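Worksheet for the structure shown next.
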Amino acid sequence: PMAALEDAVGTVCWWGLSPAIDLRLHLPPEPESPGESSVLLVGAAEGRHLLMTAARARRGPPRDITVYVAEQSPEAVARQLLFLLLALEAPERPRAAARAAALLELLGSGRLRPGTAALLRGAAGRLRRWVSS
């Protein structure tokens, strides 16, 4: 009965109940032979840990990390990828303050301004090409 109720209601994501963490801080020490580290995020329906890790990537020595995401909802994974794409866009388009405003608008608005809608359409098109290539 409880599983049927969960299926009917869907997935609920409680954003921000724990602080965002830099995933690199929780990896084992770098092995003597340089290699790639792997991280598995299970049920992380939002990308704040990935954003924090990307934002702090230049702190300390460079390290290659492959992130695997296990999520019931493909829409949540697509949303994570889309936010990462928007956050990591080339700094010259658009400027950082405009990117931050667009991200906040996408996170909390039911209606988008024309500029934000155009940014979203462009990023979604790039994401679609990456995933389907």
Side-chain angles (χ1 to χ4, degrees):
M2 184 55 97
L5 178 62
E6 288 176 3
D7 288 340
V9 174
T11 301
V12 175
C13 177
W14 297 99
W15 291 69
L17 286 181
S18 62
I21 59 171
D22 181 350
L23 299 172
R24 295 175 313 123
L25 299 177
H26 299 278
L27 294 173
E30 185 79 31
E32 288 193 22
S33 62
E36 188 175 276
S37 297
S38 297
V39 173
L40 172 64
L41 291 178
V42 178
E46 42 80 22
R48 61 197 162 91
H49 304 305
L50 296 175
L51 288 171
M52 176 68 78
T53 303
R56 294 186 174 175
R58 292 184 186 224
R59 296 180 183 183
R63 189 161 188 185
D64 291 333
I65 302 173
T66 299
V67 178
Y68 298 93
V69 178
E71 175 61 53
Q72 266 185 316
S73 168
E75 294 85 5
V77 175
R79 189 174 8 324
Q80 284 184 35
L81 291 171
L82 183 61
F83 283 135
L84 281 171
L85 176 64
L86 288 170
L88 299 173
E89 287 272 273
E92 66 276 357
R93 60 167 232 260
R95 55 184 217 286
R99 273 199 325 266
L103 284 171
L104 290 173
E105 187 175 344
L106 289 167
L107 283 169
S109 294
R111 182 181 169 124
L112 300 178
R113 294 175 295 161
T116 303
L119 182 68
L120 179 61
R121 276 192 300 279
R126 286 188 297 285
L127 179 60
R128 188 179 318 107
R129 286 190 298 277
W130 290 355
V131 171
S132 62
S133 297

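Quick caveat: nothing in here was measured; it's all calculated off a predicted structure.
Annotation: side chain of Leu119 is not in contact with side chain of Leu106 (no heavy-atom distance under 4.5 Å). When side chains are defined from C-beta on, Val39 does not count as touching Thr53, because their heavy atoms never get closer than 4.5 Å.
Partners of Ala123 according to the side chain to side chain contact (heavy atoms under 4.5 Å, CB included) rule, which considers only residues two or more places apart in sequence or in another chain, are Leu82, Leu85, Leu86, Arg126. Evaluation of the side chain to side chain contact (heavy atoms under 4.5 Å, CB included) rule for Ala20 yields Arg48, His49, Met52 as partners, not counting sequence neighbours.
Residues Val67 and Leu25 are members of separate hydrophobic clusters, defined by side-chain heavy-atom contacts under 4.5 angstrom among Ile, Leu, Val, Met, Phe, Trp and Tyr.
Considering every non-hydrogen atom in both Leu27 and Ser38, the closest pair reads CD2-O, 4.3 Å. Closest approach of Glu105 and Leu112 over heavy atoms only: OE2-CA, 3.2 Å.
Remark: the backbone N or O of Arg56 is paired with a side-chain donor or acceptor of Arg24 at under 3.5 angstrom.
With rounding to the nearest 0.5 Å, the separation of CG in Asp22 from CG in Leu50 is 11.0 Å.
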